[in-house]
Structure formats: C-alpha cells, structure tokens
Chemist: 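Just dropping this structure here.
Chain A is the first sequence line, chain B the second, and so forth, proteins listed ahead of strands; every chain is numbered from 1.
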2 protein chains.
Amino acid sequence: MQFSKSTDYALHSLIHLGNSERCNNVGIKELSAELGVSESYLSKIMSKLRRDGIVRAVPGVNGGYELARPADQITFLDVIQVIEGRQKLFECSNSSSRQHRLLAEEGPALRDPKRPEKNDCLVEKVMYGAEQHLYQYLREQTVQSVLDNAFKRCTHGANKN
Amino acid sequence: MQFSKSTDYALHSLIHLGNSERCNNVGIKELSAELGVSESYLSKIMSKLRRDGIVRAVPGVNGGYELARPADQITFLDVIQVIEGRQKLFECSNSSSRQHRLLAEEGPALRDPKRPEKNDCLVEKVMYGAEQHLYQYLREQTVQSVLDNAFKRCTHGANKN
DNA sequence: ATATTATGGATATCAAAGGTCTTTATTAAC
DNA sequence: GTTAATAAAGACCTTTGATATCCATAATAT
Ligand code: SF4
Ligand code: SF4
C-alpha cells in the first residue's frame, strides 16, 4: 500500500511546470534533468497526464509541456488517480464464500422492501469510508498550495535573518 | 494503490473468529472452508497475525486460533499494518535531484536556528497528512463494530416483518 | 505412541512496476 | 520544401512483489 514512483515523478513534474509558468513549454529534456529520471520513462508519464487533460503538449521545435489549467485547480487526487488508476481501495475477492452470507445477506427479509440489493457489504462500507476520507483530503491539496508553501517559507526564512 | 487479497482474508478470518467466540480454537480447516481460501495460504496469514499478537494459536489436536484480545480492540488499521507492512504511503525516491532543493531546502538561512533539518519536504508533508487522515479513520473501525452492524441489521430486518 | 494441528522454509507462478529503445507524427525555423 | 527538434506510441526487457503450493518440523491432546 504505497504510491508508485510514477506518482512521485508526476507530482514533481507538475510542480516544476507550475513554477515555470513564465516561459511556457518546458521540454522533456529539462524535466528529465530536473528530476533525474530518464526521458523515455518520464515521457510516458507526461503522455498519461496529457491524455487526462492535466497538461497540454506541443511537439516540434520549441515544443514541450505546460499546465492545462491553473495550478490551484490541479489536486493531488487528480494526479494520483491518473497515474494509479481509479480502482477502489478495497475490492472483495470472494463474494461467494460462506462468510459473505453473514456479512452481506444477513437479513433474509430485508431484501425486497425498499432498496433492491445494493452494496450491503459491511466490510466494503468501512473501506469505502476510508477511501472517501483519504480522497477528501487529497482533493484539498493542490500543486499551487505546495508552491505557495515553498514561497512562503522562503520569504519567511529571509525575514528571520 | 489497493489493499492486497491477504488483507481481505485476514479481515474475514478475524471477523469469523470474533463471531465464534463461543467455541474457542477455530482450526485452519474451518477458516479455509468458510472463506474459500486454501489452508496453506491462509495459515501463512494467520501466522503473521499471531506473530503480531492479533490472535493466539495452539497446535495439536483440537488446536486452532482465537482472538488475542477483545474484538473491539482489534482495529482495521492493526490488521492492515500487519499484512501490508508499516511503510509510509509515500516515500521520496530522488531526494538528490535539483527539484529537491527548491522544495525542501528553499530557505538557505532557515537551517540552523531551532530545529536541525527534519523532514522539511513539502510534498512529503502533504502525503503524511493524507496518511494520518486515513489511519485515524481506520483506527476507529474495529472487528467488533462490523459484527455489531451485522447483528443490528439482522434484528432490525426481523422486526420490520 | 499416534493423530492432529500450527509453523516455517523452499519454491513456483504471475502480474505489475519500472525502465529502455525505436519508429512515427508534428511543429518551427531555415 | 527541407531539416532539426520534439512529443507520442509501441515493442521489448528486467525486477519486484503478490499469490499460491508443498513439505518437513514442532507441539499438543488423547
Ligand atoms: S462480506 Fe463483503 S467483503 Fe466479505 S465476501 Fe461478502 S462482499 Fe466480500
Ligand atoms: S521535495 Fe520532497 S519529495 Fe521532492 S525530492 Fe525532495 S524530499 Fe523528495
């Protein structure tokens, strides 16, 4: 249960793009040098980000990447979901076991009344809650907020001396 | 970014143990049949849980497993950390890159004053926050709470008809 | 003693992450 | 138009980790 290196790279790339908004179109060469990751591999990641509308890309001379929208509208959750995929945090593997009947079909009379037969699983419900808590937090963290904090600390440190 | 099947199995095993507190010592055979998982594999998982003090085990005739402490003191976080390990959700892979200097060493004068040079990384700080949010939620979810909910739903369904 | 049960190690299998290389398509500049 | 620069996409490889099985060993009740 850990985020992949690709997510790491994607986040750092976006932070660099956000910090280079002056001269648009940052090339893969620059990103690669900045992060210390091979151009080949990093370009794969950038392509993913482009397909998902996080960045724009233009090929050719003086081409490169730029953020597709303001940095304060690119959340950590956005990035993580692009790179890691949108699968659920927990996916039941054996819903046909005997266990299942106890936890998800307990009330044999509770079936028809109102709601049909949604996800009544109690374990999944807990895990779904965990997912939502995590996502809610990650939705509030943006590329811009990291840049702001870096800037804030910089000036604050300067003032202090 | 998904919990492993092992975590799934571990949780279901513990739920079953918690539900069978009457007749102590549930054998691996019973657990295996209940979950539909091979005895070999499941026993590995149970061993892990035992080494970490989640369950007790006794070998020999009429041996088996039982919860090592009350079900309301076994949290989802406990189980997840035993099975998935205690690694951090995000671990920086290239803290020697140029990027790093911008984000973690920005204030060149902020070094000595008070705190030495702790984890000043802004990205890790965000991810650590995510981890704490997730963990806090998972700490509140116990094996017992799942059982309670199952029981509650059962009786409620019975009353309704 | 013997049957039963958990433990630990060795090993096999498979999918995914991580990474490289080559070819193609697109653009700017000459 | 030609050319150089650049991103995109696909084929490939390697390493790692999850999943899973089997067997030999230790412990326990009868
Ligand atoms: S109770 Fe939920 S998690 Fe367990 S087997 Fe049924 S659906 Fe899956
Ligand atoms: S800024 Fe943080 S995450 Fe980025 S390279 Fe430095 S330590 Fe790692």
Chemist: Between B:E131 and B:L89 (side chain of the first, backbone of the second, donor and acceptor by atom type, cut-off under 3.5 Å), is there such a pair?
Modeler: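 The answer is yes, because a donor-acceptor pair under 3.5 Å joins these two groups.
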Chemist: Identify all pairs in which a protein N or O lies below 3.5 Å from an N or O of nucleotides 26-29 of chain C, and state each distance.
Modeler:
{"residue": "C:dT27", "atom": "O2", "partner": "A:V61", "partner atom": "N", "Å": "3.3"}

Chemist: Which residues pass the salt bridge (charged side-chain N to carboxylate O under 4.0 Å, His left out) test with B:E30, not counting sequence neighbours?
Modeler: none
Chemist: Is a donor from one side chain sitting under 3.5 angstrom from an acceptor on the other, for B:Q132 and B:Q136?
Modeler: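 No, because no side-chain N or O of B:Q132 sits under 3.5 Å from a partner of the opposite role on B:Q136.
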Chemist: With heavy atoms under 4.0 Å as the rule, sort A:R51 into base, sugar-phosphate or nothing.
Modeler: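 Sugar-phosphate, no base atom in range.
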Chemist: Taking atom P of C:dC21 as reference, at what distance in whole Å does atom CD1 of A:I28 sit?
Modeler: 15 Å
Chemist: Within residues 30-48 of chain A, find the residues that approach DNA chain D with a heavy atom at under 4.0 Å, and present them sorted by residue number.
Modeler: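 The answer is A:K44, A:S47.
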Chemist: At a cut-off of 3.5 Å, list every protein nitrogen or oxygen paired with a nitrogen or oxygen from nucleotides 11-15 of chain C, distance to 0.1 Å.
Modeler:
none

Chemist: Mind checking what makes salt bridge (charged side-chain N to carboxylate O under 4.0 Å, His left out) contact with A:D72, not counting sequence neighbours?
Modeler: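 A:D72: no salt bridge (charged side-chain N to carboxylate O under 4.0 Å, His left out) contacts found.
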Chemist: Heavy-atom contacts under 4.0 Å between residues 4-13 of chain A and DNA chain D, which residues?
Modeler: none
Chemist: Does B:D8 offer a backbone N or O that forms a donor-acceptor pair with the side chain of B:H12 under 3.5 Å?
Modeler: yes
Chemist: Return each pair, listed once, that meets side-chain hydrogen bond (donor to acceptor under 3.5 Å, both in side chains) where at least one residue sits in residues 37-51 of chain A; pairs must be two or more places apart or across chains.
Modeler: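 Passing the test, one end in residues 37-51 of chain A: A:S6-A:Y41.
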Chemist: Among all residues two or more places apart in sequence or in another chain, which pass the side-chain contact (heavy atoms from CB on, under 4.5 Å) test with A:E84?
Modeler: A:F3, A:S4, A:T7, A:I80, B:M1
Chemist: Compare all side-chain heavy atoms of B:H100 with those of B:S96 and state whether any distance is below 4.5 angstrom.
Modeler: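 Result no, sub-4.5 Å side-chain heavy-atom pair not found.
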Chemist: Name all residues meeting the salt bridge (charged side-chain N to carboxylate O under 4.0 Å, His left out) criterion together with B:D78; count only those two or more places apart in sequence or in a different chain, and write none if there are none.
Modeler: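 B:R69.
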Chemist: Under a criterion of less than 4.0 angstrom to any heavy atom of chain A, what are the 5'-terminal and 3'-terminal contacting nucleotides of DNA chain D?
Modeler: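 Under 4.0 Å from chain A, the extent on DNA chain D is D:dA4 to D:dA11.
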Chemist: Give the residues of residues 73-88 of chain B touching DNA chain C, defined as any heavy atom closer than 4.0 Å, sorted by residue number.
Modeler: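 None, since no heavy atom is under 4.0 Å.
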Chemist: Are the side chain of B:S145 and the backbone N or O of B:Q141 linked by a donor-acceptor pair below 3.5 Å?
Modeler: no
Chemist: Rounded at 0.5 Å granularity, tell me how far CG in A:L31 sits from OH in A:Y65.
Modeler: 8.0 Å
Chemist: Given C:dT5, is OP1 or OP2 found less than 4.0 Å from the side-chain N or O atoms of B:R50?
Modeler: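 No, B:R50 has no side-chain N/O under 4.0 Å of OP1/OP2 on C:dT5.
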Chemist: Are the side chain of A:N25 and the backbone of A:V58 linked by a donor-acceptor contact shorter than 3.5 Å?
Modeler: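 No; judged by distance alone, with no hydrogens or angles, the pair does not exist.
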Chemist: Which residues satisfy the ring pair (Phe, Tyr, Trp, His ring centres under 6.0 Å) test with A:H133, sequence neighbours excluded?
Modeler: B:Y137
